[in-house]
Amino acid sequence: MKTTNTKLAIYVASVLLLAAGGCKKSFLDSDQLSQYSPETSLSNVAALRGALNALGANVRQEYFGDSAPMLTESIFSDVAVEGTTDKSTPAQDLVARITPDANLNSADFNKIGWYWEEEFKGVRYANTVISNIDRPVYSSPAERNSILGAAYFYRAYHYYRLVHQFGDVPLMLKDLDAPRDNFFSTKREVILEKMKADLEFAQTNVPDNANRGEVTKGAVSHLLTKVNLALGKFDDAIAAAGNVLNGSKYGLMTSRFGSTASDATKNVVWDLHRMDNKALPNNKETLFLVVDRESLAGGFTALGSQLMRNTVPAWHFANVKTPSGATALTDAANAEIPLTRMYGRGIGRYRGTPYSTKYIWTDHTDYRHAKGMWMDMTDLVYNNPALKTSKIQADRDLYGKPLLEYNSSNVAARFENGALDTIRHWFGWPHYKVFINSTNALANDPYWSPPRGTNTDWYVFRVAETYLLRAEAYYWKGELSLAMDDINKVRARANAAPLTDISKITIGTILDERARELYWEEPRKTELTRIAYIFASTGKTAYNGKSYAVASFSENNFFYDRIMEKNDFYKNEVPTLQGVKYRIAPYHVLWPVPASVQRFNANGRVNQNKGYSGFESNVPPLDRIE
């Protein structure tokens with residue numbers, strides 16, 4: 001990213017935050033309108049480009065920080081649950097916890113409210129650019145249209161997410177110049193059709209020679225593929241994906257590259273996910289990423305990604321024991337065997353399900369689950385230095401050896417008063433994906449030591465997902481051979497055996513591959529809800545033998561059935577140490593609109609989703625753009 005753009009991004013971000021409001025109230029709160037003057041602050045091309053950089057910084061927030069919002073997207077799915085078991089407040093019993101008037105924006109609860117607030121902020125940021133697009137003097141029409149197209153991309157990005165998190169929501173297409181309290185919901189399909197038209201404009205006008213972190217034509221086509229899928233326009237989805245996959249500058253990275261290319265113990269998948277390789281010019285797989293670097297003044301997240309803290313099990317707690325009951329592990333950064341520097345110190349917020357950590361990994365050649373790439377607890381070693389001088393010979397012999405497999409009939413790992421909490425402390429994780437190490441002076445900061453995941457660029461869209469999206473479009477059309485070919489391209493790069501039986505290609509096949517490939521990249525809840533909408537609108541029979549209808553979407557949907565099939569925690573209502581049972585309901589296919597929205601919208605009606613208090617006051621949503 002250019003220095004000029006970086007400085008402007010910081011300046012314009014602060015201006016726009018004032019405009020949209022930095023408080024924690026709803027976007028409908030009139031106090032969020034400031035007195036800033038866009039005709040002076042956004043009157044030149046550099047300022048508009050800076051505003052686009054601010055939009056990118058807004059997207060970045062989803063992936064970073066303690067209890068990052070991506071965690072909430074993941075736990076409403078088949079791949080993960082909230083693993084914080086030392087308190088009863090996290091989103092585990094979703095039936096009890098997820099209500100319109102609950103705390104919907106807290107590290108100790110969930111980030112549903114964060115998504116509502118921040119995504120509508122993103123819409124407003126984009127609308128500010130769009131509404132002021134003709135203030136500057138441009139060098140050419142192409143320059144104007146490229147900025148407008150990028151702003152359309154960001155607005156479509158946020159609305160794509162909103163309509164698959166909350167369903168029908170207010171459609172805002174212009175910047176607000178006065179307080180409003182009369183918003184109404186617009187039908188999801190109407191919103192998506194508008195976003196499709198905007199993205200088609202952007203696909204024509206946004207160039208591919210943008211700086212890393214900026215919107216590219218490839219990113220536009222990727223998002224357009226998703227929007228076309230959501231609308232059931234599968235041929236259009238195939239065409240949009242083809243703009244990325246057929247003869248463009250993009251492609252899967254299949255050869256070693258970047259800073260780790262000479263490490264013979266690793267492979268191309270490791271290279272792909274190194275923090276310093278994601279933005280390399282020769283990384284053809286990058287379509288859209290967010291930039292977050294310690295070396296970029298003002299261009300990084302204050303607390304870093306915290307990715308290892310969120311996703312790695314809490315192995316460092318004293319609950320992991322030797323068979324004799326001695327403490328097995330230490331997280332001391334200066335230990336002789338410094339596990340905390342080798343793998344990071346987590347607290348197990350993102351608890352992968354047996355489906356995502358075990359059941360889908362049937363191919364032992366797959367790089368993504370290979371030794372050294374994927375970590376199981378038994379890959380850690382006993383590193384507590386006290387074991388070396390233990391009076392018990394068996395403990396002395398264990399030092400430096402792999403942890404014994406935990407099972408409930410032995411004492412290889414235990415609480416002092418009972419069995420090990422295997423929800424939080426004992427599960428596998430993709431080390432190649434989440435290992436984010438710091439190399440400069442900031443490593444001494446308490447947020448980095450012990451290592452918990454520092455600043456890093458992060459993929460939002462990349463080519464591997466484009467292949468899986470096109471495979472999905474082919475699946476919906478019944479062209480299973482072509483779907484299998486696209487899935488196999490992703491599998492081949494990961495050194496996994498190709499699929500060969502066309503009759504076994506289902507939406508489940510694609511979801512399994514997405515789970516293997518897109519850990520902490522895909523918004524899993526959003527994508528499951530999108531797929532559930534397609535099943536409901538097409539009436540196509542799913543692999544489970546069921547068909548669905550839009551009229552009963554909140555009572556009977558593929559989203560819920562998939563989760564109850566694959567997520568053992570919700571299916572079995574597994575209890576935590578606090579006695580909280582993991583539960584989810586069919587109506588969680590859509591999240592509740594926060595209750596505060598209605599309080600600040602006295603002369604309108606933002607509809608509540610079925611299953612939540614307030615649904616009974618709904619009015620028909622708008623079915624056209626007004």
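Everything numeric in this text was worked out from a predicted model, so none of it was measured. Reckoned from all heavy atoms, side chains included, excluding hydrogens, waters and symmetry mates.
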Any side-chain to backbone donor/acceptor pair from [X] onto [Y]? Under 3.5 Å, distance only.
{"X": "W361", "Y": "R516", "answer": "no"}
{"X": "D292", "Y": "D457", "answer": "no"}
{"X": "S67", "Y": "A107", "answer": "yes"}
{"X": "N310", "Y": "G65", "answer": "yes"}
{"X": "N609", "Y": "L590", "answer": "no"}
{"X": "E522", "Y": "E527", "answer": "no"}

Side chains of [X] and [Y], heavy atoms from C-beta outward: is any pair under 4.5 Å?
{"X": "H158", "Y": "N58", "answer": "yes"}
{"X": "D78", "Y": "T353", "answer": "no"}
{"X": "L223", "Y": "F153", "answer": "yes"}
{"X": "R462", "Y": "L518", "answer": "yes"}
{"X": "L252", "Y": "Y467", "answer": "yes"}
{"X": "H369", "Y": "D363", "answer": "no"}
{"X": "V220", "Y": "F461", "answer": "no"}
{"X": "I487", "Y": "I510", "answer": "yes"}

Do we see a donor-acceptor contact under 3.5 Å between the side chains of [X] and [Y]?
{"X": "Q608", "Y": "E616", "answer": "no"}
{"X": "R605", "Y": "N618", "answer": "yes"}
{"X": "Y543", "Y": "E565", "answer": "yes"}
{"X": "K546", "Y": "N556", "answer": "yes"}
{"X": "H164", "Y": "R188", "answer": "yes"}
{"X": "Y359", "Y": "D568", "answer": "yes"}
{"X": "N607", "Y": "D168", "answer": "no"}

Provide the closest heavy-atom pair for [X] versus [Y] in the form atom of the first, atom of the second, distance.
{"X": "I423", "Y": "T576", "answer": "CD1-CA, 4.2 Å"}
{"X": "P621", "Y": "K187", "answer": "CG-CG, 3.7 Å"}
{"X": "A219", "Y": "L287", "answer": "CB-O, 3.6 Å"}
{"X": "D108", "Y": "T89", "answer": "O-OG1, 3.0 Å"}
{"X": "F64", "Y": "T456", "answer": "CZ-O, 3.1 Å"}
{"X": "R161", "Y": "P523", "answer": "NH2-CB, 3.2 Å"}

Output the distance between atom [atom1] ([X]) and atom [atom2] ([Y]), rounded to the nearest 0.5 Å.
{"X": "L224", "Y": "D236", "atom1": "CG", "atom2": "CG", "answer": "7.5 Å"}
{"X": "L55", "Y": "R60", "atom1": "CG", "atom2": "CZ", "answer": "12.5 Å"}
{"X": "E472", "Y": "I507", "atom1": "CD", "atom2": "CD1", "answer": "4.0 Å"}
{"X": "Q61", "Y": "E118", "atom1": "CD", "atom2": "CD", "answer": "4.5 Å"}
{"X": "K525", "Y": "T529", "atom1": "NZ", "atom2": "OG1", "answer": "3.0 Å"}
{"X": "K566", "Y": "L528", "atom1": "NZ", "atom2": "CG", "answer": "12.0 Å"}

Distance under 6.0 Å and angle within 45° of the ring axis: does [X] meet both against [Y]?
{"X": "K278", "Y": "Y459", "result": "yes"}
{"X": "K540", "Y": "Y475", "result": "yes"}
{"X": "K433", "Y": "W374", "result": "no"}
{"X": "R368", "Y": "Y432", "result": "no"}

For the residue pair [X] and [Y], is the inter-centroid distance of their aromatic rings smaller than 6.0 Å?
{"X": "Y125", "Y": "Y154", "answer": "no"}
{"X": "W476", "Y": "F535", "answer": "yes"}
{"X": "Y533", "Y": "F553", "answer": "yes"}
{"X": "Y560", "Y": "H588", "answer": "no"}
{"X": "Y350", "Y": "W429", "answer": "no"}

side-chain contact (heavy atoms from CB on, under 4.5 Å) assessment of Y355 paired with N567 = CA-CA 7 Å; Y355 159 75; N567 190 319; over 6 Å; no
Could you check whether the rings of Y582 and Y570 sit parallel, tilted or perpendicular, using 30° and 60° as the cut-offs?
-> perpendicular
In terms of ring plane angle, is the pair F558 and Y548 parallel, tilted or perpendicular, where the classes change at 30° and 60°?
-> perpendicular
I would like to know whether R452 and D66 meet salt bridge (Lys or Arg N to Asp or Glu O under 4.0 Å); could you show each step before the answer?
-> CA-CA 10 Å; R452 56 182 71 180; D66 192 17; over 6 Å; no
Report the C-alpha distance between E513 and T509 in whole Å, list the side-chain angles of each, state the deciding distance to 0.1 Å, and finish with yes or no for side-chain contact (heavy atoms from CB on, under 4.5 Å).
-> CA-CA 6 Å; E513 203 61 43; T509 315; over 6 Å; no
For salt bridge (Lys or Arg N to Asp or Glu O under 4.0 Å), just list the numbers for D93 and K581, CA-CA rounded to whole Å, side-chain angles, deciding distance to a tenth of an Å, and then say yes or no.
-> CA-CA 6 Å; D93 183 346; K581 292 182 178 180; over 6 Å; no
More than 12 heavy atoms from other groups under 6.0 Å of NZ on K504 = no
Answer yes or no: does atom NZ of K571 have more than 12 heavy-atom neighbours from other residues, nucleotides or ligands under 6.0 Å?
-> yes
Please lay out, stage by stage, how L104 and T99 fare under the test side-chain contact (heavy atoms from CB on, under 4.5 Å).
-> CA-CA 8 Å; L104 297 177; T99 64; over 6 Å; no
Pair E73-K111, salt bridge (Lys or Arg N to Asp or Glu O under 4.0 Å): steps then yes or no | CA-CA 9 Å; E73 268 276 356; K111 294 296 180 68; over 6 Å; no
Of the options F120, F76, W591, F166, which is the one that meets Y115 in a ring-ring contact (aromatic ring centres under 6.0 Å, His included)?
->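 Answer to the ring-ring contact (aromatic ring centres under 6.0 Å, His included) test with Y115 among F120, F76, W591, F166: W591.
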Residue pair E193, K233: steps toward the salt bridge (Lys or Arg N to Asp or Glu O under 4.0 Å) verdict = CA-CA 11 Å; E193 286 284 4; K233 298 186 176 182; 3.0 Å; yes
So which of R493, R524, R491, K489 actually passes salt bridge (charged side-chain N to carboxylate O under 4.0 Å, His left out) with E517?
-> R493
For Y63 and V460, what are the C-alpha separation, side-chain angles and deciding distance, and is it a side-chain contact (heavy atoms from CB on, under 4.5 Å)?
-> CA-CA 9 Å; Y63 303 93; V460 180; 3.5 Å; yes
